[in-house]
There are 2 protein chains.
Amino acid sequence: MAHEVEMRALAEYLGQHNLKHTKQRELVLAAFLEARRHVSSEDLYQVVREKYPNVGYTTVYRTMKLLVEAGLATERHFDDGITRYEIEHEHHDHLVCIKCGKIQEFECRMIEESQREIAARYGFRILRHRHELYGHCTECSEIADRA
Amino acid sequence: MAHEVEMRALAEYLGQHNLKHTKQRELVLAAFLEARRHVSSEDLYQVVREKYPNVGYTTVYRTMKLLVEAGLATERHFDDGITRYEIEHEHHDHLVCIKCGKIQEFECRMIEESQREIAARYGFRILRHRHELYGHCTECSEIADRA
DNA sequence: TTCGGTGCAAAAGATTTGCATATGT
DNA sequence: ACATATGCAAATCTTTTGCACCGAA
């Protein structure tokens, strides 16, 4: 079984919270880790279904919420209204191609610094943020130019 | 009638597109302009209903989409999944208080510059962006500290 | 044996659509 | 007159919830 670290983290979380270690939770976590991209519950449901057709929608939705609680996943809301998940990691923002849907992560120290400055200016205490740049990626720009 | 400029802009857009100038469209636009904050279609529906109880949900939803087309309003998606609208104007981002819901706009040249730099680095052509900082505003921070 | 988990179906909440009717142009 | 707009109800789409049954501890 791959993903030993994450599987152990899940087991630990479940143990500490008197929750049960089930096949379904393991399957959803594995599918999520293997996806290596921003996936929706629907996406994961489809993947899990291929091998285990008796797993329900509900379980996938509930398990993703659980993984967020456990600190293994982060919820993301892009502009199409569908909730997507990514593997938990900090300090990054997103470039979203509105043609092909590709999502590219980026980091920028300068922006982080500016955010702190803005927060100070308005007396806000920042807990989290969203920063998404929407447009066309290199490939899609080229296609548009040729047309 | 207040909002002469915007009313004229609406009339112009309607004329140019073979659309009709109706009482409902005027009412929704007036309610939107008077709100002076980020409002949802539901909010506007409630306001319009007070004076004109026979206006339907559907008309408000459709009219807000029309106002976006006409360049009078901009659609915003914050993290609660409800679509809100603001008066069209550029170059600003948002501070959102997750306790009281207050939304404060801000502008930052430094961030805009960084965005251009990031776009260049990844070969993206940026068309629009979202940048929202979520946390506690001054008042809500103070209340939390006192507790 | 005992709770928590699962899966189905039904509910929920926001928004859209079909359709008969009403209304600008 | 004619095409578009309206308003209701029903449909949609994503996500959540109720509940009887199942299964991990």
Side-chain angles (χ1 to χ4, degrees), chain A residues 7 10-32 38-70 73 75-85 101, chain B residues 7 10-32 38-70 73 75-85 101:
Chain A
M7 286 298 168
L10 173 61
E12 198 168 308
Y13 180 86
L14 294 173
Q16 288 170 352
H17 293 257
N18 276 9
L19 301 174
K20 289 171 183 170
H21 188 258
T22 66
K23 187 72 181 168
Q24 287 91 328
R25 286 175 172 167
E26 209 170 89
L27 289 170
V28 173
L29 174 55
F32 169 61
H38 298 75
V39 284
S40 63
S41 293
E42 171 71 30
D43 293 335
L44 293 172
Y45 173 71
Q46 295 302 340
V47 171
V48 171
R49 272 268 159 156
E50 277 175 32
K51 293 199 168 178
Y52 305 86
N54 51 329
V55 173
Y57 253 79
T58 318
T59 302
V60 179
Y61 274 96
R62 284 193 281 228
T63 303
M64 289 317 296
K65 292 221 168 291
L66 178 77
L67 296 185
V68 171
E69 288 299 309
E75 221 176 286
R76 292 280 172 190
H77 301 262
F78 297 104
D79 265 350
D80 61 2
I82 296 169
T83 303
R84 288 188 174 69
Y85 296 90
Chain B
M7 286 298 167
L10 173 61
E12 198 169 309
Y13 180 85
L14 294 173
Q16 287 171 352
H17 293 257
N18 274 9
L19 302 174
K20 291 172 183 169
H21 186 256
T22 65
K23 186 73 182 168
Q24 287 91 329
R25 285 175 172 166
E26 209 171 90
L27 288 169
V28 173
L29 174 54
F32 169 61
H38 298 75
V39 284
S40 63
S41 292
E42 171 70 28
D43 293 334
L44 292 173
Y45 172 70
Q46 295 303 341
V47 172
V48 172
R49 273 269 160 158
E50 277 174 32
K51 293 199 170 182
Y52 305 86
N54 52 327
V55 173
Y57 253 79
T58 319
T59 301
V60 179
Y61 274 95
R62 286 194 280 227
T63 302
M64 289 317 295
K65 292 219 169 295
L66 177 79
L67 296 186
V68 171
E69 288 299 310
E75 220 177 285
R76 292 280 171 189
H77 300 262
F78 297 104
D79 265 350
D80 62 1
I82 295 170
T83 304
R84 288 187 174 70
Y85 296 90

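Only this structure's heavy atoms are used, side chains among them; waters, hydrogens and symmetry mates stay out. Quick note on labels: first sequence line is chain A, next is B, and so on, each numbered from 1.
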May I have the distance from A/E75 (atom CD) to D/dT14 (atom P), rounded to whole angstrom?
16 Å
Below 4.0 angstrom from OP1 or OP2 of C/dT16, is there any side-chain N or O of B/K65?
yes
Just how far, in rounded Å, is P of C/dT21 from CG of B/N54?
18 Å
From CD of B/E69 over to P of D/dA5, roughly how many Å is that when rounded to an integer?
13 Å
Which of C/dA14, D/dG7, D/dT14 is nearest the side chain of A/I82? It is D/dT14
What is the separation between atom NE2 on A/H17 and atom C1' on D/dA24, rounded to the nearest whole Å?
18 Å
Judged by nearest nucleotide, the residue sitting upstream toward the 5' end of DNA chain D, B/R49 or B/N18, is B/N18
Looking at every heavy atom in both A/D43 and A/H38, which two are closest together, and how far apart are they?
OD2-O, 4.4 Å
Separation of atom CZ in A/R76 from atom C1' in D/dT15, rounded to whole Å:
20 Å
Do the charged groups of B/E75 and B/R84 touch, with an N to O distance under 4.0 Å?
no
Considering every strand and a 4.0 Å limit on heavy-atom distances, what is the contact class for B/T83: base, sugar-phosphate, or nothing?
sugar-phosphate
Closest heavy-atom pair and its distance - A/G56, A/R49
CA-NH2, 4.4 Å
May I have the distance from B/E26 (atom CD) to C/dG24 (atom P), rounded to whole angstrom?
11 Å
Among D/dA25, D/dA5, D/dG7, which is the nearest nucleotide to the side chain of A/H21?
D/dA25
Would you say B/L67 and B/L29 make side-chain contact, with heavy atoms under 4.5 Å?
yes
Would you say the side chain of A/E42 lies within less than 4.5 Å of the side chain of A/V60, judging by non-hydrogen atoms?
no
Separation of atom CD in A/Q16 from atom P in D/dA25, rounded to whole Å:
15 Å
Please classify the nucleic acid contact of A/R84 as base, sugar-phosphate, or nothing, using heavy-atom distances under 4.0 Å.
nothing
Side-chain N or O of A/T22 closer than 4.0 Å to phosphate OP1/OP2 of C/dT6:
yes
If you pin A/Y45 and A/L19 to their nearest nucleotides in DNA chain C, which one's is more 5'?
A/L19
So, is A/R62 close to the C/dG5 phosphate, meaning a side-chain N or O under 4.0 Å from OP1 or OP2?
no
Give a yes/no on whether any side-chain N or O of B/Y61 is located under 4.0 angstrom from OP1 or OP2 of C/dT16.
no
Would you indicate whether the side-chain heavy atoms of A/K20 and A/L14 approach each other to under 4.5 Å?
no
To the nearest Å, how far apart are B/K23 NZ and D/dG7 P?
13 Å
Phosphate oxygens OP1/OP2 of C/dT23: is one of them under 4.0 Å from a side-chain N or O of B/Q24?
no
A/K20 side-chain proximity, nearest of D/dG7, D/dA24, C/dT6
D/dA24
Side chain of B/T59 only, heavy atoms from C-beta on: which candidate in C/dT23, D/dG7, D/dT15 is closest?
D/dG7
Given C/dA9, D/dA25, D/dT15, the nucleotide with the shortest approach to the side chain of A/Y57:
D/dT15
